[in-house]
2 protein chains.
Amino acid sequence: MTFKRTNPLALAVLALLSERPMHPYEMAQTMRERHQEEVIKLNYGSLYTVVETLTRHELITASAVQKAGNRPERTVYAVTGAGTAELHDWLRSLIAEPAREYPRFEAGISMVGLLPPSDALEVVRRREAAVTEQLTALAVLLEKLAGMGLPQLAWIELDYRMAMLRAERAWLSWFATATGEGTVGGYDSWEDRHR
Amino acid sequence: MTFKRTNPLALAVLALLSERPMHPYEMAQTMRERHQEEVIKLNYGSLYTVVETLTRHELITASAVQKAGNRPERTVYAVTGAGTAELHDWLRSLIAEPAREYPRFEAGISMVGLLPPSDALEVVRRREAAVTEQLTALAVLLEKLAGMGLPQLAWIELDYRMAMLRAERAWLSWFATATGEGTVGGYDSWEDRHR
DNA sequence: CCCCGTATACTCGGCGCCGGATATACGGGA
DNA sequence: TCCCGTATATCCGGCGCCGAGTATACGGGG
């Protein structure tokens, strides 16, 4: 069976191992240091599962079993040729081909008519505030990274995320206003349903 | 153990059953007809699992077992009081509180430096084209729904999605241009790494 | 009247993901 | 020297999700 590109954590593993061989725990540490866990969900349990799966598909191999002092053994892995190929191909398709991902907010907002308009207005405003907070937090982080001398390419994903969050905030602001003024299409029957 | 709000399909089930009692297969049909599967991932296997879980938590109950002709038995479910409360509360938190969702594109673009600049430019342009296609497809669908007399509130999630897609397209366009011109921060070392 | 494709309605095995458990080593304070 | 909190490194049971499989009924063409 061919390798299924499900968990992006596997992508991170391939990327890390193409720098140098590592053992799983070290991969996790490195991801933390580089703020990669902001972008790719990291979970120790999943990490070991992913490493095992990659090994089974011969995209990485156990290159050594170290034993320093009396510490538990640690298995060091290295990327194979097929692994490097997989990394690049996966990366290209990840960027080139948008994938349907079913964001939870879309599910929520699609049912907003189930809430009374006043409640809807309140929760949307709360989200707007939360998004604004995320934006300022990102701006701070970005300031810090740029201050450390990192080039834009090193935090390009944060740039993207900020653009998306700004767009979301603008939409939320519009929707809140339209709901408050009662100018959103279908407002009258919406209000009628809730009395 | 308290009910975990993981699968949004459970939200759809609660919403459908607060209209009227249904059996699982009918829920699926209804979701299809209303284009809900565009927003919430529908899978028969998951549907039955979700229904069972909701039953276990007494958010819905099997209200009847029908047997029409010689067809297989079908179990009809109805929402309980606790279920209605859960629906509203879940909905409110889904809208009010942004959840980290790790979009795959963020993972991809964060590693774009691993590709040579020319390859990066190509795949980003391809995504830009794909996003544009999605936008025109959505515009067509939206035209159709509006033509059927449905109010804006009935397709508000498509409105949101279009706003997000437009923002993404704008960002992709900027990034492609900056990469092509070599004006993205860190371009020189990026190019150097790939010769 | 038979055949076969489609619709109806659900079932089931497998697998990946998660979070908590496990076990040892190290370092600093009392 | 003892204790305990933190770091190191991995393991494992359970569960939810997925997609393919099953079985019957209906309806239209030949």
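Chain A is the first sequence line, chain B the second, and so forth, proteins listed ahead of strands; every chain is numbered from 1. Quantities reported herein were computed from a predicted structural model and do not represent experimental measurements.
When each of C/dG16, D/dT10, C/dA9 is scored by its nearest atom to the side-chain atoms of A/Arg56, the top-ranked nucleotide is C/dG16.
In this structure, B/Arg127 forms a cation-pi arrangement with B/Phe105, its terminal cationic atom sitting closer than 6.0 Å to the ring centre and no more than 45° off the ring axis. Geometrically, B/Arg100 engages B/Tyr102 in a cation-pi contact defined by less than 6.0 Å to the ring centre and at most 45° from the axis.
The distance from atom CZ of B/Arg32 to atom P of C/dA7 is 11 Å, rounded to the nearest whole Å. Put simply, CG on A/Leu42 is 14 Å from C1' on D/dA9, counting in whole angstrom units. Taking atom CE on A/Met27 and atom C1' on D/dT10, their separation rounds to 13 Å, with Å as the unit. We find that CZ of B/Arg74 is positioned 12 Å from C1' of D/dA25, with the value rounded to whole Å. Straight-line distance from the CG atom of A/Leu9 to the P atom of C/dC17: 8 Å, rounded to whole Å. When the C1' atom of C/dC12 is taken as reference, atom CG of B/Leu47 falls 15 Å away, rounded to whole Å. What separates CD of B/Glu26 from C1' of C/dA9 is a distance of 12 Å, to the nearest Å. Atom-to-atom, CD of A/Glu52 to C1' of D/dT10 comes out at 12 Å; the value is rounded to the nearest Å.
For A/Arg193, there are no salt bridge (charged side-chain N to carboxylate O under 4.0 Å, His left out) partners at least two apart in sequence or on another chain.
Taking for each of A/Tyr77 and B/Val50 the nucleotide of DNA chain D with the nearest heavy atom, the 5'-most of the two is the partner of A/Tyr77.
A pairwise comparison of heavy atoms in A/Pro117 and A/His194 identifies CD-CD2, 4.1 Å as the closest pair. Residue A/Leu14 comes nearest to A/Leu59 through the heavy atom pair CD2-O, 4.2 Å, listed as atom of the first residue, atom of the second, then distance.
Here B/Thr53 lies out of heavy-atom contact (under 4.0 Å) with every strand.
Look at B/Thr75 and you won't find any side-chain N or O under 4.0 angstrom from OP1 or OP2 of C/dA9. An OP1 or OP2 oxygen of D/dT8 is reached within less than 4.0 angstrom by a side-chain nitrogen or oxygen of A/Tyr25. Close to C/dC10, at under 4.0 Å from its OP1 or OP2, lies a side-chain N or O of B/His23. Not one side-chain nitrogen or oxygen of A/Asn7 sits closer than 4.0 Å to the OP1 or OP2 atom of C/dG16. Phosphate contact (OP1/OP2 of D/dC11, side-chain N/O of A/Tyr48, threshold under 4.0 Å): absent.
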Are any protein N/O atoms closer than 3.5 Å to N/O atoms in nucleotides 19-22 of chain D? If there are, list each pair with its distance.
residue : atom : partner : partner atom : Å
D/dG19  : OP2  : B/Asn43 : ND2          : 3.0
D/dG19  : N7   : B/Asn43 : OD1          : 3.2

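In the hydrophobic clustering of this structure, B/Met111 groups with A/Leu42; members are Ile, Leu, Val, Met, Phe, Trp, Tyr whose side-chain heavy atoms approach within less than 4.5 Å, directly or through other members. The hydrophobic clustering, which links ILVMFWY residues whose side-chain heavy atoms are closer than 4.5 Å, places A/Leu158 and A/Leu153 apart.
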